[in-house]
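A quick write-up on the structure given underneath.
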Number of protein chains: 2
Amino acid sequence: MTDDRSGTGPADRTLALLWRGHGPPAPRRRGPAPAHTLEEVIETAIALADTEGPAALSVRAVAAAVGMAPMSLYTHVPGMTELTDLMVDHLYLVMPRPAWGRRRWRSRVRAVAEANRDLLRAHPWLVEVVALSRPPLGPGQMAKYEHELAAFDGTGLSDVDTDAALTFVLGFTQQQALAQHGVEAARRDSGSTDAQWWAANGPLLASVLDPARYPRAVRIGEAAGSAQGAAYDPGVAFSFGLDRVLDGLAALIEA
Amino acid sequence: MTDDRSGTGPADRTLALLWRGHGPPAPRRRGPAPAHTLEEVIETAIALADTEGPAALSVRAVAAAVGMAPMSLYTHVPGMTELTDLMVDHLYLVMPRPAWGRRRWRSRVRAVAEANRDLLRAHPWLVEVVALSRPPLGPGQMAKYEHELAAFDGTGLSDVDTDAALTFVLGFTQQQALAQHGVEAARRDSGSTDAQWWAANGPLLASVLDPARYPRAVRIGEAAGSAQGAAYDPGVAFSFGLDRVLDGLAALIEA
DNA sequence: AACAACACCGTACATCGTACGTTGTTCGTT
DNA sequence: AACGAACAACGTACGATGTACGGTGTTGTT
């Protein structure tokens, strides 16, 4: 009864949903015509997550936004995690993919990292989903993968190394987005500005951060903090890190 | 009534808990003697998360493991997120910190990355907590920071660059742990082996992964997959990535 | 002896994902 | 034309979650 493998074959339900429309055009269905399409559900859910934040992403909220009863969502999607997978793949599918033209690999790979950062910044909920769940291979993921691999054309890397290099770059970008997401979340639910936070916690920290016990930490922490205006600056971290990433790949490519 | 800033001063409750015992030795308290210590709560919670997994980490479960009623936990800790912050800092505090001796920077930084990877592997729940919440500065975090900064002694990097370099390395390690965590979670709740998964989904993917449409993706994906025995191998990704990270830092340090 | 501070507990609430059974619409078959 | 299977949509309900709130009993201070 509850056998997932009974519908279109012995396959993952999510994969079939991701690649919907790529098979035979469906042999006519019975029952009432669906009042809403899966596309509508996915796009509404994305819009909701974008405007209300990832915490507002619930079955009930999505259903309400689409205009149906909570449980009716389950006629379109097996569950919440599958919905998020579909949302992610949708964004991957529609994200811009500018032609690489005659640019050098370094410029291309930099563009890959920046495009991913921009996407993750535009949809903060994406960060949490992608980081924790590794969404399955859909058409969006596939198109993205193809395009990003092309950034390494002409580097002379082996296929295996090309894959590893791209994975490395994407991992870096994802981590940056996650870190930025973390500081923003912390700022949001502390409810105070950096200055207020330091006014409140500075005394305690000053009394406890003994320069004799933590010589490097105190000195370097202060240097970094005053250079950036905060203990951690996502912009600085991204630009420093991306330079290191590219240098690290250069050592492999130009050897 | 619900003013957090009424205890030891106008400070964050979490910070005060993290640095407990570092202030004046408490001016005697009234009421019944606490039946359990905060240390006991923290260590029990860690043990519980280690054995039962991160999903089992709930107020009720921790309270039961410690041996008290659910709501009694709140006399020791303001809330669940604060508890996890304390758990993280505790692990940081007790993690091994071998002396650096005469090793070169590359070997030291590699050791930093590996130590962090090992810690995150030993406590998979740590990955989720650290990635999503950026725990505040406690004694464990501080000791860890001090020790890891020392790995960059003698590199000639400026204070600001040293901090950025360490952040870069830690971010890489964290991302690796997250990715590994992701594949393990996926494997766990798919409930099938890689072979079973491919047997079930191979046909659909084969029919849809058109080599003419995705030439690089199909070729390189297959190459990477068969080289590693899976679409993503955490061990390979870590070792490839760490080499790139070190090369990238070398370009900065040895310039 | 009276009071205030404190640890601990029980009940209760909003919110979450979702299992289950029902209702009404529609197509394929008789 | 009539019937039955398939299907979309819905309502109700369950077990979790974190935690607000008000009590109860123990203890040190006045």
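The chains referred to below are lettered A, B, ... by the order of the sequence lines, with proteins before strands, and numbering in each begins at 1.
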Side chain of B:Met80 only, heavy atoms from C-beta on: which candidate in D:dA8, D:dT19, C:dG17 is closest?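 It is D:dT19.
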Quick check on side-chain hydrogen bond (donor to acceptor under 3.5 Å, both in side chains): which of A:Gln176, A:Glu148, A:Gln174 does A:Asn116 satisfy it with?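 Of the listed residues A:Gln176, A:Glu148, A:Gln174, the side-chain hydrogen bond (donor to acceptor under 3.5 Å, both in side chains) partner of A:Asn116 is A:Glu148.
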For A:Arg30 and B:Pro32, take the nucleotide of DNA chain D holding the closest heavy atom to each; which residue's nucleotide lies nearer the 5' end? A:Arg30
B:Leu93 CG to B:Met142 CE distance, which is reported to the nearest 0.5 Å: 13.0 Å
Do any of residues 51-73 of chain A sit with a heavy atom less than 4.0 Å from DNA chain C, and if so which?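 By residue number: A:Leu57, A:Ser58, A:Val59, A:Arg60, A:Met71.
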Pairs involving residues 34-45 of chain B, ordered by first then second residue, that meet salt bridge (Lys or Arg N to Asp or Glu O under 4.0 Å) (sequence neighbours left out):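 Those involving residues 34-45 of chain B are B:Arg20-B:Glu39.
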Does B:Arg97, at its CZ atom, have more than 12 non-hydrogen atoms belonging to other residues, nucleotides or ligands within less than 6.0 Å?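 Yes, because the 6.0 Å sphere around CZ of B:Arg97 holds more than 12 heavy atoms from other groups.
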When you look at CH2 of B:Trp197, are more than 12 heavy atoms from neighbouring residues, nucleotides or ligands closer to it than 6.0 Å?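 Count over threshold, so yes.
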So, do A:Tyr92 and A:Tyr145 have ring centers that fall under 6.0 Å from each other? no
In A:Asp85, A:Thr84, A:Leu83, the residue satisfying side-chain contact (heavy atoms from CB on, under 4.5 Å) with A:Val77 is A:Leu83
Bend angle of the helix from C:dA1-D:dT30 to C:dT30-D:dA1 from five-pair axes at both ends, rounded to 10°?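 For the helix from C:dA1-D:dT30 to C:dT30-D:dA1, the axes at opposite ends meet at about 20°.
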If I take atom CZ in residue A:Arg29 and atom P in nucleotide D:dA9, what distance separates them, rounded to the nearest angstrom? 11 Å
Measure from OH on A:Tyr74 to P on D:dA9 and round the result to the nearest Å. 15 Å
Distance test, side-chain N/O of B:His76 to OP1/OP2 of C:dC8, below 4.0 Å: yes
Decide yes or no for B:His76 and B:Thr37: does some side-chain heavy atom of the first lie under 4.5 Å from some side-chain heavy atom of the second? no
